[in-house]
Amino acid sequence: MDKFFSKGSWLLFASVMMLASCGGNAGRHAEGVKDADTAVVNGVKTLRLDGMTVTWIQDNAQEKLMPRTLFADVPDSIIGKLSLQEGVPSSVSTFLVETEGIKILFDTGLGAPDSRLSAGLESAGLKPADIDYLYLTHFHGDHIGGMLRNDTAVFPNAEVYAGKAEYDAWMQMPDGQKAQVVKTMGVYGKRLHLFEFGDTLPGRVTAVDASGHTPGHTAFRVGNLMVVGDLVHGAALQIPYPQYCAAYDMEKGKSVETRRQILEYVKDNGLVMAGMHLPAPAFVAEQ
């Protein structure tokens, strides 16, 4: 993943993402994605990919726009060129992968009162107790907030996997900043497992170094699917201009490097990209 995007590659991804942000087809199907994939219904869309069932679940109940102020370094000329003055289309998303007889949920959304995660799981014929594994891209509240309800584990049978680099970094943060992480991981207790970048997790899932947004931010590859977490916050802006970061990115230089490398890797390998803040439906696929 050591190549940067060419100008043509940027334009290709930009056009794909602009279609998605306008509610159109999110791109052409990668090899292995069937044409009979389901339509988007109530914030849920399912793909059949490499023998897996992959379901996107939109956690946010209301329209999600990343505000222009989140990208303070971006010139007004670019914002105007892309017609993003009102904000950048986004989502708060999770992804369910059913493979090899196990059920894996990537992140859990915000856990807000109007969260749609439980309803999304129900539409897939599942309850939280059916989830075997939770794989966490990082520890921000809109990714781990759905793990608890009234201080109780929402997923009573799930083994939780998180990056060791992420865990160690958060444990060094001030008490007020890490309080949610400490509480949440404490509730899951012995079911929390820490991995290193490059490790293979249950379900033949590979943990990919996507650090920059947070110290241990992780992408996950399984088959032809790449779950990229918060690699991109505002796709219509950051795909054509990956050099610009959202204010949430903790290490901006590393975030830019990671964004370029993983986008190039996805393109070169014809993968389906699933992102927690891509506009609905939060998949991008190309041939």
Side-chain angles (χ1 to χ4, degrees), residues 20 23 25-27 29-30 32-64 90-137 142-149 152-162 188 191 201-205 219-229 271-285:
N25 191 328
H29 290 307
V33 180
K34 294 183 178 179
D35 291 334
D37 299 326
T38 63
V40 175
V41 179
N42 296 324
V44 176
K45 179 178 175 62
T46 297
L47 302 180
R48 314 295 180 190
L49 177 65
D50 298 337
M52 304 180 297
T53 299
V54 183
T55 301
W56 162 69
I57 301 173
Q58 179 177 298
D59 187 58
N60 57 294
Q62 305 299 320
E63 180 183 13
K64 178 71 173 176
S90 183
S91 70
V92 177
S93 294
T94 69
F95 296 90
L96 171 70
V97 171
E98 299 175 75
T99 181
E100 299 183 349
I102 61 176
K103 299 171 180 65
I104 304 166
L105 185 65
F106 294 87
D107 290 350
T108 65
L110 188 59
D114 61 353
S115 167
R116 297 168 66 170
L117 176 57
S118 293
L121 289 173
E122 185 177 348
S123 73
L126 300 175
K127 303 182 296 295
D130 296 324
I131 300 301
D132 299 299
Y133 297 99
L134 294 180
Y135 292 167
L136 304 177
T137 61
D142 55 340
H143 299 261
I144 67 170
M147 292 176 68
L148 298 183
R149 184 177 298 116
T152 300
V154 171
F155 301 93
N157 300 315
E159 300 294 319
V160 179
Y161 283 76
Y188 282 81
R191 291 191 279 136
L201 310 181
R204 301 184 188 180
V205 178
F220 296 97
R221 179 171 180 181
V222 50
N224 277 344
L225 179 73
M226 180 72 87
V227 180
V228 300
L271 305 182
V272 175
M273 183 168 69
M276 278 58 183
H277 295 302
L278 294 180
F283 291 111
V284 175

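L148 is linked by a side-chain contact (heavy atoms from CB on, under 4.5 Å) to K183, T184, V187, Y188, counting only residues two or more places apart in sequence or in another chain. Here N42 pairs with R116 under the side-chain contact (heavy atoms from CB on, under 4.5 Å) rule; sequence neighbours left out. Listed by chain and number, the residues in a salt bridge (charged side-chain N to carboxylate O under 4.0 Å, His left out) with D130 are K127 (sequence neighbours excluded).
Taking 4.5 Å as the limit, every side-chain heavy atom of S93 sits out of range of all side-chain heavy atoms of F106. V54 has its side chain within reach of F283: a pair of non-hydrogen atoms, C-beta onward, lies under 4.5 Å apart. Using a 4.5 Å heavy-atom cutoff, the side chains of T108 and V154 are not in contact. No side-chain heavy atom of V92 sits less than 4.5 Å from a side-chain heavy atom of M276. Looking only at side-chain heavy atoms (C-beta outward), T46 and R48 come within less than 4.5 Å of each other. Inter-residue side-chain proximity for V284 and V272 is flagged as unmet; no heavy-atom pair is nearer than 4.5 Å.
Rounding to the nearest 0.5 Å places CD1 of I102 at 10.5 Å from CZ of R204. With rounding to the nearest 0.5 Å, the separation of CE in M147 from CG in L117 is 11.5 Å. Taking CD1 from I57 and CG from D107, the interatomic distance works out to 12.0 Å, rounded to the nearest 0.5 Å. Note that CD of E98 is 5.5 Å distant from NZ of K103, once rounded to the nearest 0.5 Å. Taken to the nearest 0.5 Å, the CG atom of L271 stands 4.5 Å off from the CZ atom of R221.
When every heavy atom of F95 is checked against every heavy atom of A282, the shortest pair comes out as CZ-O, 3.4 Å. Nearest heavy-atom pair, P202 versus Y135, reported as atom, atom and distance to 0.1 Å: O-OH, 2.6 Å. The minimum heavy-atom distance linking R191 with A153 is given by the pair NH2-CB, 3.9 Å. For the pair A124 and L96, the tightest heavy-atom approach, listed with the atom from each and the gap, is CB-CD2, 4.2 Å.
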Could you go through L121 and I131, starting from their C-alpha distance and side-chain angles, then the distance that decides it, and tell me whether this counts as side-chain contact (heavy atoms from CB on, under 4.5 Å)? CA-CA 10 Å; L121 289 173; I131 300 301; 4.2 Å; yes

Could you walk me through whether F220 and L201 pass the side-chain contact (heavy atoms from CB on, under 4.5 Å) test, one step at a time? CA-CA 10 Å; F220 296 97; L201 310 181; 3.9 Å; yes

Please lay out, stage by stage, how V40 and Q58 fare under the test side-chain contact (heavy atoms from CB on, under 4.5 Å). CA-CA 10 Å; V40 175; Q58 179 177 298; over 6 Å; no

Take K45 and L47 through the test side-chain contact (heavy atoms from CB on, under 4.5 Å) and record every step on the way to the result. CA-CA 7 Å; K45 179 178 175 62; L47 302 180; 3.9 Å; yes

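Counting heavy-atom neighbours within 6.0 Å of E122 CD, excluding the residue itself, gives a total of 12 or less.
A donor-acceptor pair is defined here as one N or O able to donate and one able to accept, closer than 3.5 Å; no such pair exists between the side chain of R149 and the backbone of G111. For D142 (side chain) and L110 (main-chain N/O), no donor-acceptor pair under 3.5 Å exists by modelled atom type. The main-chain N or O of K64 is never found under 3.5 Å from a side-chain atom of S90 such that the two would form a donor-acceptor pair. Formation of a donor-acceptor pair under 3.5 Å by the S91 side chain with backbone atoms of L278 is found in this model.
Under the 3.5 Å distance criterion, with hydrogens and angles disregarded, a donor-acceptor pair is assigned to the side chains of S115 and D59.
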